[in-house]
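In what follows, residues are counted from 1 in the order of the sequence shown. Here the structure is a predicted model, which means the values were calculated and not measured. Because only heavy atoms are used, hydrogens play no part in the values below, and waters and symmetry mates are left out as well, while side chains stay in.
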Amino acid sequence: LAPLPALQHALREQSKQEAMHARAFETALDLLGTGKPPDRMLDALDDFGRRLTTDLAAGRLACSMFGLQYVLEGLGGVALS
């Protein structure tokens with residue numbers, strides 16, 4: 001999906017940064033307590049997963065990247081609110 005070496009490098013670095021964010025949110029959730037997300041949120045995440053899979057299969061890298069970033073930022077906001 002990323003034919004240019006510079007883009008491959010940038011995506012690897014971005015992946016590392018996102019993994020750190022995920023660990024930070026996981027720690028925050030552990031500290032704040034856990035609970036089951038509302039069904040509507042789980043349904044929306046399932047729908048997003050299907051669209052992400054479709055975008056990736058079609059080679060739409062930009063759509064999948066921006067969509068994923070949007071969802072992750074939204075989940076982080078919900079988790080910390």
Side-chain angles (χ1 to χ4, degrees):
L1 289 174
L4 302 174
L7 181 55
Q8 292 171 7
H9 174 73
L11 292 175
R12 275 193 300 275
E13 293 304 310
Q14 181 69 24
S15 177
K16 290 176 191 175
Q17 184 181 29
E18 293 305 331
M20 287 188 293
H21 288 157
R23 283 192 297 274
F25 284 124
E26 183 178 31
T27 300
L29 288 173
D30 285 345
L31 293 172
L32 297 172
T34 59
K36 182 182 180 293
D39 287 336
R40 61 187 172 85
M41 179 184 280
L42 296 175
D43 292 342
L45 288 173
D46 285 341
D47 181 53
F48 172 72
R50 286 188 294 276
R51 287 187 288 165
L52 178 61
T53 299
T54 300
D55 285 341
L56 289 172
R60 293 190 295 260
L61 181 61
C63 289
S64 63
M65 286 177 58
F66 289 118
L68 183 58
Q69 186 65 33
Y70 179 78
V71 169
L72 290 175
E73 294 294 331
L75 288 173
V78 168
L80 295 176
S81 66

Minimum side-chain heavy-atom gap Gln8-Arg12 below 4.5 Å: yes

Roughly how far, to the nearest 0.5 Å, is CG of Asp43 from CZ of Phe48? 15.5 Å

Checking Glu13 against Gln17 for the side chain to side chain donor-acceptor pair (under 3.5 Å) test, could you report, in this order, the C-alpha distance in whole Å, the side-chain angles of both residues, the deciding distance, and whether it holds? CA-CA 6 Å; Glu13 293 304 310; Gln17 184 181 29; over 6 Å; no

Same hydrophobic cluster for Leu56 and Leu11, using side-chain heavy-atom links shorter than 4.5 Å among ILVMFWY? yes

Is any side-chain N of the basic residue among Arg51 and Asp55 closer than 4.0 Å to the acidic one's carboxylate O? no

Kindly determine whether Gln69 and Met65 satisfy side chain to side chain contact (heavy atoms under 4.5 Å, CB included), including the steps that lead there. CA-CA 6 Å; Gln69 186 65 33; Met65 286 177 58; over 6 Å; no

Cluster overlap Leu45 with Leu52, hydrophobic side-chain contacts below 4.5 Å: yes

